[in-house]
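To find a chain, count down the sequence lines: A is the first, B the second, and so on, and within it residues start at 1.
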Protein chains: 2
Amino acid sequence: MTEVISEGRIMRPSIATKGEPARLAGEVLDAAARVFARQGYEGTSIDDIADELGATKGRVYHYYRSKADILLDVLNKGQQDLVDIIRPLAEDTTLPADQRLLNMARAHAEVMMYQHPYQYVSLRSLNPNLFDGKTAQREGWRTIRKMREEYEELFRAVVEEGSEDGTFSTTNPRLTVRGILGSLNWITVWFHPDHQPQAKHVSKEEIAQTLAKFVVAGARG
Amino acid sequence: MTEVISEGRIMRPSIATKGEPARLAGEVLDAAARVFARQGYEGTSIDDIADELGATKGRVYHYYRSKADILLDVLNKGQQDLVDIIRPLAEDTTLPADQRLLNMARAHAEVMMYQHPYQYVSLRSLNPNLFDGKTAQREGWRTIRKMREEYEELFRAVVEEGSEDGTFSTTNPRLTVRGILGSLNWITVWFHPDHQPQAKHVSKEEIAQTLAKFVVAGARG
DNA sequence: GTCTATATGTGGATAGAC
DNA sequence: GTCTATCCACATATAGAC
């Protein structure tokens with residue numbers, strides 16, 4: 001059977017008849033994302049990832065060539081999932097800018113919580129020096145950066161539109177977008193999917209809605 | 001001469017007659033903060049810090065017992081500098097809540113930029129698992145956490161006051177504070193003190209003022 | 001496909017010369 | 001006070017058994 005190596009991850013052609021290999025590779029990736037989120041990339045050993053899987057490193061190295069390749073795949077998935085959900089909302093130009101921004105911000109916030117490990121690791125890895133010495137991953141790293149920039153472009157477009165038609169008050173859309181995404185991305189720092197306190201529990205949807213309204217109000221000025 | 005060991009750092013009694021030791025310890029700390037900011041704590045070796053100083057590890061280990069102790073001192077200084085500047089603004093109750101919040105937010109934003117390495121490392125180290133295995137630093141780590149909570153309390157107080165007198169529209173002050181601090185803390189992620197582009201240059205003060213207005217507008221709703 | 005064993009390099013920390 | 005030399009633990013990655 002033919003195999004496709006993509007970003008260091010062994011993948012069968014999209015529709016795997018047996019299904020097993022893709023599922024197992026996904027399990028390795030999920031485990032890695034969780035451990036990276038807990039301990040940081042540099043603070044995580046391959047043995048840690050294997051432990052999280054209840055296996056040994058043999059299993060990890062069967063699916064990935066190196067630790068850096070695993071990280072790259074985590075970043076890829078995190079960014080891809082995010083853009084897949086927000087792009088359609090950004091392109092719905094039937095709505096006025098503020099309503100569209102509200103939808104985008106709310107969805108972004110929800111992804112931060114529902115996909116917490118991936119998004120947390122993704123945001124922590126915005127540091128440009130992370131892949132410095134690793135020439136093998138340079139191309140993959142460039143791709144991630146580009147995806148991230150295109151993603152922020154979606155927000156910049158709607159903020160610019162709103163500031164031109166008077167909905168928003170900003171004179172510096174790029175800076176406003178940074179304010180918006182800062183509020184929303186910061187969720188990954190204080191939100192922990194595991195130990196959700198029961199008393200005074202606020203649902204993910206309420207959190208997302210509240211913060212989305214906060215950033216839209218900030219943009220209105 | 002008597003020496004005082006504080007958080008793993010060798011310090012002479014406050015007013016050092018010769019002044020040298022404190023200055024040199026501060027140089028080690030500054031270098032460590034810069035390298036931690038570039039490479040992350042786990043990604044930094046003691047040799048890296050020594051290189052940044054133009055020295056060898058002998059120098060570093062003369063002032064600090066361990067790498068974890070250095071980090072603890074970076075976090076301490078980062079948090080202390082921040083609270084020293086913002087607390088007076090928070091306690092100026094002659095101003096209405098929105099004006100006070102504006103001052104606090106602007107000052108917080110400026111500290112993020114002017115003290116970038118310390119603040120960046122500080123925020124990256126909010127991860128509770130960082131000092132997990134390190135029993136020697138547990139007490140110092142608890143202190144940092146407490147300082148951070150007291151600091152956020154300053155913002156919560158002003159937001160609550162404003163939401164009670166109708167200046168702000170929030171029903172969940174804690175969440176609003178997280179939105180506010182997220183926008184401002186995120187500065188450390190995209191702002192890099194070194195390669196400031198000359199063209200279309202926006203000053204630190206302009207950035208701080210713009211984002212401060214953004215978060216106050218967000219709180220107003 | 002997953003395991004154990006191991007080669008190899010690196011990092012934190014210490015000892016002791018100067 | 002700063003250096004060099006060194007110990008020891010651990011991490012990445014590979015080889016090869018099952």
Side-chain angles (χ1 to χ4, degrees), chain A residues 1 3 5 8-12 16-29 31-32 35-36 38-73 130-137, chain B residues 1 3 5 8-12 16-29 31-32 35-36 38-73 130-137:
Chain A
M1 182 186 279
E3 283 176 345
I5 311 274
R9 180 176 164 192
I10 301 173
M11 299 168 77
R12 310 278 163 159
T17 37
K18 296 196 180 178
E20 294 302 320
R23 206 200 78 220
L24 290 177
E27 279 174 15
V28 174
L29 198 64
V35 186
F36 286 162
R38 277 207 302 274
Q39 312 179 357
Y41 171 73
E42 307 275 4
T44 297
S45 71
I46 304 288
D47 279 326
D48 291 335
I49 299 172
D51 283 352
E52 178 82 10
L53 279 164
T56 65
K57 5 176 195 223
R59 177 119 130 238
V60 177
Y61 277 109
H62 179 70
Y63 293 101
Y64 284 97
R65 182 182 305 275
S66 73
K67 195 171 81 157
D69 282 323
I70 305 179
L71 176 60
L72 216 49
D73 241 21
L130 233 175
F131 284 92
D132 262 4
K134 296 147 190 163
T135 46
Q137 286 79 26
Chain B
M1 183 186 279
E3 282 177 344
I5 311 274
R9 180 176 163 193
I10 299 172
M11 299 169 76
R12 310 277 164 159
T17 38
K18 296 197 180 177
E20 293 301 320
R23 206 200 80 222
L24 291 176
E27 280 174 15
V28 174
L29 198 63
V35 185
F36 286 162
R38 277 207 302 274
Q39 311 179 359
Y41 172 72
E42 306 276 4
T44 298
S45 71
I46 304 289
D47 280 325
D48 291 335
I49 299 173
D51 283 352
E52 178 82 12
L53 279 164
T56 64
K57 8 179 194 219
R59 174 118 131 238
V60 177
Y61 276 109
H62 179 70
Y63 292 101
Y64 285 97
R65 183 184 303 275
S66 73
K67 194 171 83 156
D69 282 322
I70 305 179
L71 176 60
L72 216 48
D73 241 21
L130 233 175
F131 284 92
D132 261 4
K134 296 148 191 162
T135 46
Q137 286 79 26

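Side-chain proximity of A/Asp47 to the nucleotides D/dT2, C/dT2, D/dT12 is greatest for D/dT12. Listed nucleotides: D/dT12, C/dG12, C/dC3. Nearest to the side chain of A/Lys57: D/dT12. Each of C/dG12, D/dG1, D/dT12 was ranked by its minimum atom distance to the side chain of B/Lys67; first place goes to C/dG12. Proximity note for B/Ala55 (side chain, C-beta onward) versus C/dA13, D/dT12, D/dC3: the nearest is D/dC3. With distances taken from any side-chain atom of A/His62 to the nucleotides C/dG1, C/dG11, D/dT12, the minimum falls on C/dG1.
Rounded to an integer number of Å, the gap from CD of A/Glu27 to P of C/dG1 is 13 Å. Distance CD (B/Glu42) to P (D/dA11): 10 Å, rounded to an integer number of Å. One interatomic measurement links the two molecules: CD1 of A/Ile46 to C1' of C/dT4, which rounds to 17 Å at whole-angstrom precision. Protein atom CG of B/Asp51 is 13 Å distant from nucleotide atom C1' of C/dG11, rounded to whole Å. Regarding A/Arg65, its CZ atom lies at a distance of 8 Å from the P atom of D/dT14, rounded to whole Å. Put simply, CG on B/Asp69 is 14 Å from P on C/dG12, counting in whole angstrom units. Atom pair A/Tyr64:OH and C/dT2:C1' shows a separation of 17 Å (rounding to whole Å applied). Going from atom CG of B/Leu24 over to atom P of D/dG1 covers 8 Å, rounded to whole Å.
If you run side-chain contact (heavy atoms from CB on, under 4.5 Å) between B/Glu52 and each of B/Thr44, B/Val35, B/Asp47, only B/Val35 comes through.
In this structure, CD on A/Glu42 lies 6.0 Å from NZ on A/Lys67, to the nearest 0.5 angstrom.
B/Asp48 contributes a side-chain N or O that, together with a main-chain N or O of B/Ser45, makes up a donor-acceptor pair within less than 3.5 Å.
Taking only side-chain nitrogens and oxygens, A/Tyr63 comes nearer than 4.0 Å to OP1 or OP2 of C/dT2. Contact annotation: B/Thr56 side-chain N/O to D/dT2 OP1/OP2 distance is not under 4.0 Å. Contact annotation: B/Tyr61 does not reach the phosphate of D/dT2 (side-chain N/O to OP1 or OP2, under 4.0 Å).
A cation-pi arrangement is present between A/Lys134 and A/Phe131 under the rule of less than 6.0 angstrom and at most 45 degrees off the ring axis.
Residues A/Thr44 and A/Gly58 each lie close to DNA chain D; by heavy-atom proximity, the contact nearer the 5' end of the strand is made by A/Thr44.
Of all heavy-atom pairs spanning B/Arg59 and B/Ala55, the tightest one is NH1-CB, 3.4 Å.
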